[in-house]
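We name chains A, B, ... by the order of the sequence lines, and we start the count at 1 in each one. Computed from a prediction, not measured in an experiment: that's the story for all the values here.
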2 protein chains.
Amino acid sequence: MEDTSNKARARRRPRAQNAPPAGEAMFLGANKKGSASEVVRRKLREDIISLKLVPGTLINENRLTEQFGVSRTPVREAIQRLAEEKLVEVVPKSGTYVGRIPLSSLPEAIIARSALEAAMVRRAAQVATGSQITTLKALLEQQQEAQIASDRNAFHYADDLFHTHITRIAGYPGIWELILQVRVQIDRYRRLTLPQEGRMQRVVEEHAAIIAGIEQGNADLAAQNMTNHLMQLRIDLETFHDLRPEYFIHDLDLKNLDPTPN
Amino acid sequence: MEDTSNKARARRRPRAQNAPPAGEAMFLGANKKGSASEVVRRKLREDIISLKLVPGTLINENRLTEQFGVSRTPVREAIQRLAEEKLVEVVPKSGTYVGRIPLSSLPEAIIARSALEAAMVRRAAQVATGSQITTLKALLEQQQEAQIASDRNAFHYADDLFHTHITRIAGYPGIWELILQVRVQIDRYRRLTLPQEGRMQRVVEEHAAIIAGIEQGNADLAAQNMTNHLMQLRIDLETFHDLRPEYFIHDLDLKNLDPTPN
DNA sequence: TATACATAACATGTATACATCTAATATAAG
DNA sequence: CTTATATTAGATGTATACATGTTATGTATA
């Protein structure tokens, strides 16, 4: 065995240095729950968005550590990602808090959402098939039933499905993700406010108008109706000051308070 | 000293349990560079966006560790945040890579950007002051000079300033952040492509049209001109297939290739 | 030569100890 | 009693060792 030197020789395995993740480690559904970091992130995010954790609440890494039965490392990684989403605020050597809602971001979020969804419905009006329009009508009926039953949860659920389906018709899933991101703070805010009288009925009517625009293949009309619809959210925002001030970052420039009158 | 028991008594200091970060640890410029994690994050992000690190490149945590002279912890936290931005891809127990550009995201990004900037310029047309419009004209001249000098860098710099200033006029800084985010993948893509002949001249003309719309206070016209301008980016995207395929995620649904004809 | 399998290097994931800074409390001074 | 200062609990920031999985490589086999 003159080749034993082979074993002694340092076997360097230079990993592919400039290769895409091509290997594609996972093929299908391999990642059921994912890493501990992912589990923590998902749960925390859910609790923050659902307002189970109210804005401004102190997040204690050690508490989460024992709560999830993992070490601080995955907890911190989850927090880093949520901080990137502005869902938590990290104050360097002091504390980590559930992200407060920046009041200044709300009018902007409404405008951005409006612009994006208007573009989506414009596209939808151009490409929607008959069955897709019928589905929209079904969702509208579902929403109306929820309104009659005064079931707010069901109403908002149907509302979500309605908007989701329009963007699905448009065929730009990435933009839908963007819309969801923009909506996060709006949705958190809305969970804090009391429902307005008669709003559900108005929403149903506005949705009907949007469907009409799509059905006529009139992109401009559909977009205009969508914009009108989403701009109704504006009025909600004038009741800021009353509610729990500690839930918000009061960075609102008052001169900007009235977003776009038309 | 009958009160020595005081010292022995466990002094629990229950930190504010439901308080906003109110204390505001830092007041002004306290965070010059920030934590090690921040330094790594900033540098990595810059290198990725500037394409100094090409898409698909293997990122080795250990290499970064010795490169920055810090431990893996801050390196990983930086990577987590960049992963949230889709600027890096982490393959669980395999490797971390510089984020490739998802081809499917490019048409969507153009549409989203167009919708957002159209909304911005619409607002700008309503509120722009004379001096703000004059500044826009100055930026346009600056851009034209760069075009004449065939200075691409200066041209793109002036281009950026032009769009930035419009959103500044509109007064929605948060939406500008959103636009920047949407633009990231587009900008990375554009750095990979060769300039098109005559494009700079056309851009200058389109910008002039946008200014005209603003100057007339004609929101619809300004928005239309902005949309036309940004939709020109569309034609660039049909040269995907040629360039380095390893830089991209080829998830493009071909039937969607033609975004919005009008 | 081509294929299947075993092995180990090397990547990321996690746990834990320590460093550092903040801020609440105790203490002293006015 | 009010204010200023010192102290220290407790939070996040960082370093490091270990766990776990992936994947290149070596080896045996057909």
Side-chain angles (χ1 to χ4, degrees), chain A residues 1 3-17 19 21-27 30-31 33-41 57-66 68-81 83 88-97, chain B residues 1 3-17 19 21-27 30-31 33-41 57-66 68-81 83 88-97:
Chain A
M1 295 194 171
D3 240 344
T4 46
S5 62
N6 245 343
K7 278 156 74 179
R9 202 185 310 171
R11 315 180 191 154
R12 306 224 55 156
R13 184 176 57 95
R15 212 135 165 180
Q17 291 233 347
E24 298 308 331
M26 78 316 188
F27 29 103
N31 46 357
K33 281 193 168 182
S35 57
S37 152
E38 262 301 298
V39 173
V40 175
R41 178 187 173 283
T57 304
L58 176 66
I59 294 179
N60 193 305
E61 291 181 359
N62 294 313
R63 192 173 54 78
L64 292 180
T65 276
E66 53 192 42
F68 284 96
V70 297
S71 80
R72 274 183 63 207
T73 307
V75 169
R76 294 203 92 230
E77 304 207 333
I79 288 175
Q80 290 296 321
R81 295 186 88 119
V88 309
E89 299 174 59
V90 179
V91 184
K93 291 285 180 57
S94 172
T96 304
Y97 303 84
Chain B
M1 297 212 178
D3 241 346
T4 47
S5 60
N6 246 344
K7 275 155 75 177
R9 201 186 313 171
R11 313 176 191 158
R12 306 227 56 160
R13 184 176 56 95
R15 211 136 166 180
Q17 291 236 346
E24 299 308 331
M26 76 317 189
F27 29 102
N31 45 357
K33 281 192 167 183
S35 57
S37 152
E38 261 302 297
V39 173
V40 175
R41 179 185 174 284
T57 304
L58 177 67
I59 294 179
N60 193 305
E61 291 181 358
N62 294 314
R63 192 174 55 78
L64 292 179
T65 276
E66 53 192 42
F68 284 95
V70 299
S71 79
R72 274 184 64 208
T73 308
V75 169
R76 294 203 92 230
E77 304 207 332
I79 289 175
Q80 290 296 322
R81 293 186 89 119
V88 308
E89 301 175 55
V90 179
V91 183
K93 291 284 179 61
S94 171
T96 303
Y97 303 85

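One interatomic measurement links the two molecules: CG of B:Leu58 to P of C:dA11, which rounds to 7 Å at whole-angstrom precision. Across the protein-nucleic acid pair, B:Arg63 atom CZ and C:dT12 atom P stand 10 Å apart, rounded to whole Å. We find that CG of B:Leu64 is positioned 12 Å from P of C:dA11, with the value rounded to whole Å. The interatomic distance linking B:Lys93 (NZ) with D:dG21 (P) rounds to 5 Å, in whole Å. Rounded to whole angstrom, the span from the CD atom of A:Gln80 across to the C1' atom of D:dT12 amounts to 10 Å.
Residue B:Ser35 places its side chain closer to D:dT14 than to any other of D:dT12, D:dT14, C:dA11. With C:dT22, C:dT12, C:dT14 as the choices, the nucleotide that has an atom nearest any side-chain atom of B:Glu61 turns out to be C:dT12.
Heavy-atom distances to DNA chain C give each of A:Glu38 and B:Asn62 a nearest nucleotide, and the one nearer the 5′ end belongs to B:Asn62.
Within the shown strands, C:dT1 is the pairing partner of D:dA30 under the Watson-Crick or G-U definition, both distances less than 3.5 Å.
The side-chain heavy atoms of B:Val91 and B:Thr96, taken from C-beta on, include no pair separated by under 4.5 Å.
Residues forming a salt bridge (Lys or Arg N to Asp or Glu O under 4.0 Å) with B:Arg63 (at least two apart in sequence, or on another chain): none. Under the side-chain hydrogen bond (donor to acceptor under 3.5 Å, both in side chains) criterion, B:Glu38 pairs with no residue at all, not counting sequence neighbours.
Side-chain N/O atoms of A:Ser94 include none lying less than 4.0 angstrom from OP1 or OP2 on D:dA11. Contact annotation: B:Asn60 side-chain N/O to C:dA11 OP1/OP2 distance is under 4.0 Å.
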Can you pull every protein N or O that's under 3.5 Å from an N or O on nucleotides 15-17 of chain D?
unit_1: D:dA15; atom_1: OP2; unit_2: B:Ser71; atom_2: N; d: 2.6
unit_1: D:dA15; atom_1: OP2; unit_2: B:Ser71; atom_2: OG; d: 2.9
unit_1: D:dA15; atom_1: N7; unit_2: B:Thr73; atom_2: OG1; d: 2.6
unit_1: D:dT16; atom_1: O4; unit_2: B:Thr73; atom_2: OG1; d: 3.4

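A pairwise comparison of heavy atoms in A:Val90 and A:Ala83 identifies CG2-CB, 4.4 Å as the closest pair.
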Test side chain to side chain contact (heavy atoms under 4.5 Å, CB included) applied to A:Ile79 and A:Glu61, step by step: CA-CA 9 Å; A:Ile79 288 175; A:Glu61 291 181 359; 3.8 Å; yes
What's the verdict on side chain to side chain contact (heavy atoms under 4.5 Å, CB included) for B:Val70 and B:Val75, showing C-alpha distance, side-chain angles and the deciding distance? CA-CA 8 Å; B:Val70 299; B:Val75 169; 3.9 Å; yes
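B:Ile79 comes within contact range of no nucleotide atom at all, as no heavy-atom separation falls under 4.0 Å.
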